[in-house]
Protein chains: 2
Amino acid sequence: MKITKHSRQREAIKEFLMTRKDHPSADTIYIYMREVFPNISLGTVYRNLALLTELGEIQKLHYGTESDHFDGDISLHHHIICRECGSINDLKMENIDFINTLANQNFDGIVEGHNIHFYGICKNCKNNLKLKNNIDKSKSV
Amino acid sequence: MKITKHSRQREAIKEFLMTRKDHPSADTIYIYMREVFPNISLGTVYRNLALLTELGEIQKLHYGTESDHFDGDISLHHHIICRECGSINDLKMENIDFINTLANQNFDGIVEGHNIHFYGICKNCKNNLKLKNNIDKSKSV
DNA sequence: CTGCATGCAAAAACTTTGCACCGCC
DNA sequence: GGCGGTGCAAAGTTTTTGCATGCAG
């Protein structure tokens with residue numbers, strides 16, 4: 001485990017991530033941090049994100065087309081990415097670790113864990129689509 | 001849907017992916033393709049991989065530290081990444097789409113599907129570790 | 001012929017790294 | 001003061017894109 005000295009920048013990055021409900025990318029974090037530390041560099045942001053991830057204090061999320069995203073919430077939860085707006089939201093569901101056992105039935109190695117990425121439509125986009133649908137309907141009548 | 005004209009390069013890329021059991025990255029595919037088409041460019045490889053993915057004929061896999069990987073097998077199956085050697089292997093298991101419903105119970109949007117990434121130890125590494133373990137044991141006696 | 005696909009190279013996007021200086025312990 | 005952290009900038013990696021040419025329909 002890496003030894004760490006206290007740093008106000010790292011502290012602030014972690015705090016920022018814990019207060020955010022979405023899961024910002026390194027660049028978004030950088031833009032925000034500049035408001036607090038006008039001279040902070042992108043390198044520092046990346047270095048601290050990597051360090052915090054290594055220490056298990058935040059988690060790194062990997063999605064398709066975009067850059068990496070970071071989550072200050074390390075409790076057990078899943079994520080769902082919206083195919084309309086691309087936002088990544090938390091999704092809590094009961095523990096389904098039994099699928100590790102299920103998965104191991106046809107696998108000759110050792111299944112230790114899993115990550116699930118759900119995809120679909122977020123609350124906002126669902127409402128927007130509904131709205132749009134109603135307008136279309138009233139038009140066609 | 002994009003209209004496509006036949007292309008020997010695209011054909012070859014798809015065939016190559018279908019015969020591979022692992023899930024090569026764009027660069028690996030490029031290196032291989034150069035044996036068949038010495039003048040093929042990396043740009044063409046990327047363009048065709050994107051096109052084939054869009055057409056649903058192959059699938060793109062996203063993992064943590066590395067570049068994107070591609071899978072010529074689009075049947076329903078999952079993947080497991082080995083934490084020892086980093087290899088990505090197929091993993092077949094019974095359908096568990098019911099977790100979409102489960103997930104939707106606490107989510108205000110629409111859950112449409114999911115991807116699962118398992119992680120653990122692959123067959124080879126498991127055997128190697130066992131071997132190593134036995135040697136250690138016999139040494140300590 | 002027409003226009004999508006290709007090869008090539010340049011550029012874009014994202015992330016890492018070397019180095020001198022700064023500030024925590 | 002010693003050493004890890006920072007800012008800055010340059011470089012590395014992976015992927016995308018513009019353009020002239022080539023090839024499929």
Side-chain angles (χ1 to χ4, degrees), chain A residues 1-17 22-55 57-71 81 86-88, chain B residues 1-17 22-71 81 86 88:
Chain A
M1 194 69 73
K2 266 192 183 171
I3 304 151
T4 55
K5 191 177 285 192
H6 180 263
S7 124
R8 286 179 305 140
Q9 285 88 336
R10 182 161 51 247
E11 195 74 11
I13 289 172
K14 195 183 162 188
E15 255 176 47
F16 174 60
L17 274 178
D22 59 349
H23 307 82
S25 64
D27 200 58
T28 306
I29 297 166
Y30 171 60
I31 290 167
Y32 175 83
M33 294 310 296
R34 291 243 303 234
E35 292 175 15
V36 187
F37 301 94
N39 290 323
I40 198 171
S41 75
L42 198 49
T44 297
V45 171
Y46 273 105
R47 268 186 291 235
N48 280 313
L49 288 172
L51 187 56
L52 288 168
T53 302
E54 198 183 326
L55 293 173
E57 301 190 16
I58 63 172
Q59 58 175 318
K60 204 173 175 178
L61 310 176
H62 308 289
Y63 287 92
T65 46
E66 310 161 51
S67 47
D68 290 345
H69 292 251
F70 295 86
D71 189 347
I81 182 167
S87 68
I88 299 168
Chain B
M1 193 69 73
K2 265 193 185 171
I3 304 151
T4 54
K5 193 176 285 194
H6 180 264
S7 123
R8 286 179 304 140
Q9 285 89 336
R10 182 161 51 247
E11 195 75 10
I13 289 172
K14 195 183 161 186
E15 256 175 46
F16 173 60
L17 272 178
D22 60 348
H23 308 83
S25 64
D27 200 58
T28 306
I29 296 166
Y30 171 59
I31 289 167
Y32 175 83
M33 293 310 297
R34 291 242 304 232
E35 292 176 17
V36 187
F37 302 93
N39 290 324
I40 197 172
S41 75
L42 197 49
T44 297
V45 171
Y46 273 104
R47 268 187 291 237
N48 279 313
L49 287 172
L51 187 54
L52 288 168
T53 303
E54 198 182 328
L55 294 172
E57 300 190 16
I58 63 173
Q59 57 174 319
K60 204 173 176 179
L61 310 176
H62 308 290
Y63 287 93
T65 46
E66 309 161 51
S67 48
D68 290 344
H69 292 252
F70 295 86
D71 189 349
I81 182 165
I88 299 168

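Residue numbers begin at 1 in each chain, while the letters A, B, ... track the order of the sequences. Reckoned from all heavy atoms, side chains included, excluding hydrogens, waters and symmetry mates.
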**OP:** Could you tell me whether the side chain of Arg10(B) and the main chain of Arg47(B) form a donor-acceptor pair under 3.5 Å?
**Re:** no
Original post:
Starting at CG of Leu55(A) and ending at P of dG5(D), how long is that distance when rounded to a whole Å?
Top reply: 10 Å
**OP:** Can you tell me the distance, in whole Å, between the CG atom of Leu61(B) and the P atom of dT15(D)?
**Re:** 12 Å
Original post:
Taking only side-chain nitrogens and oxygens of Gln9(A), does any of them come within less than 4.0 Å of OP1 or OP2 of dG7(D)?
Top reply: yes
Original post:
Minimum heavy-atom separation for Ala12(B) to Met33(B), with atom names?
Top reply: CB-CE, 3.4 Å
Original post:
Once you build an axis from the first five pairs and another from the last five of the helix from dC1(C)-dG25(D) to dC25(C)-dG1(D), how far apart in angle are they, to 10 degrees?
Top reply: 30°
Original post:
Which pair of non-hydrogen atoms, one from Ile88(B) and one from His23(B), has the smallest distance, and what is that distance?
Top reply: O-ND1, 3.0 Å
**OP:** Quickly work out the His69(B) NE2 to dT13(D) C1' distance and round it to whole Å.
**Re:** 13 Å
Subject >> Minimal non-hydrogen separation, Gln9(A) against Ile40(A), with atom names >> reply: CG-CD1, 3.8 Å
Original post:
Between dT6(C) atom P and Tyr30(B) atom OH, what is the distance in whole Å?
Top reply: 14 Å
Original post:
Atom CG of Leu49(A) and atom OG of Ser25(A): how far apart are they, to the nearest 0.5 Å?
Top reply: 9.5 Å
Original post:
Taking only side-chain nitrogens and oxygens of Asn39(B), does any of them come within less than 4.0 Å of OP1 or OP2 of dG22(D)?
Top reply: no
Original post:
Nucleotide by nucleotide, 5' to 3', does protein get under 4.0 Å of the base (B), only the sugar-phosphate (S), or neither (-) in nucleotides 11-16 of chain C, counting heavy atoms?
Top reply: ---SBB
Original post:
To the nearest angstrom, how far is Met33(B) atom CE from dC8(C) atom P?
Top reply: 14 Å
**OP:** Rounded to the nearest angstrom, tell me the gap between atom CG in Leu51(A) and atom C1' in dT17(C).
**Re:** 16 Å
Original post:
Does the pair Thr44(B) and Ile13(B) meet the rule for a side chain to side chain contact (heavy atoms under 4.5 Å, CB included), with working shown?
Top reply: CA-CA 10 Å; Thr44(B) 297; Ile13(B) 289 172; 5.5 Å; no
Original post:
Of Leu52(B), Asp71(B), Ile29(B), which is the lone residue that meets side-chain contact (heavy atoms from CB on, under 4.5 Å) with Leu17(B)?
Top reply: Ile29(B)
**OP:** May I have the distance from Leu49(B) (atom CG) to dT15(D) (atom P), rounded to whole angstrom?
**Re:** 10 Å
Subject >> Footprint string (nucleotides 20-25 of chain C, 5' to 3'): B base within contact, S backbone only, - free, heavy atoms under 4.0 Å >> reply: ---BBS
**OP:** Would you indicate which nucleotide in dT6(D), dG5(D), dG7(C) comes nearest to any side-chain atom of Thr44(B)?
**Re:** dG7(C)
Subject >> Atom pair distance, as rounded to whole Å: CZ in Arg10(B) and C1' in dA24(D) >> reply: 11 Å
Original post:
Would you say Pro24(A) and Phe16(A) make side-chain contact, with heavy atoms under 4.5 Å?
Top reply: yes
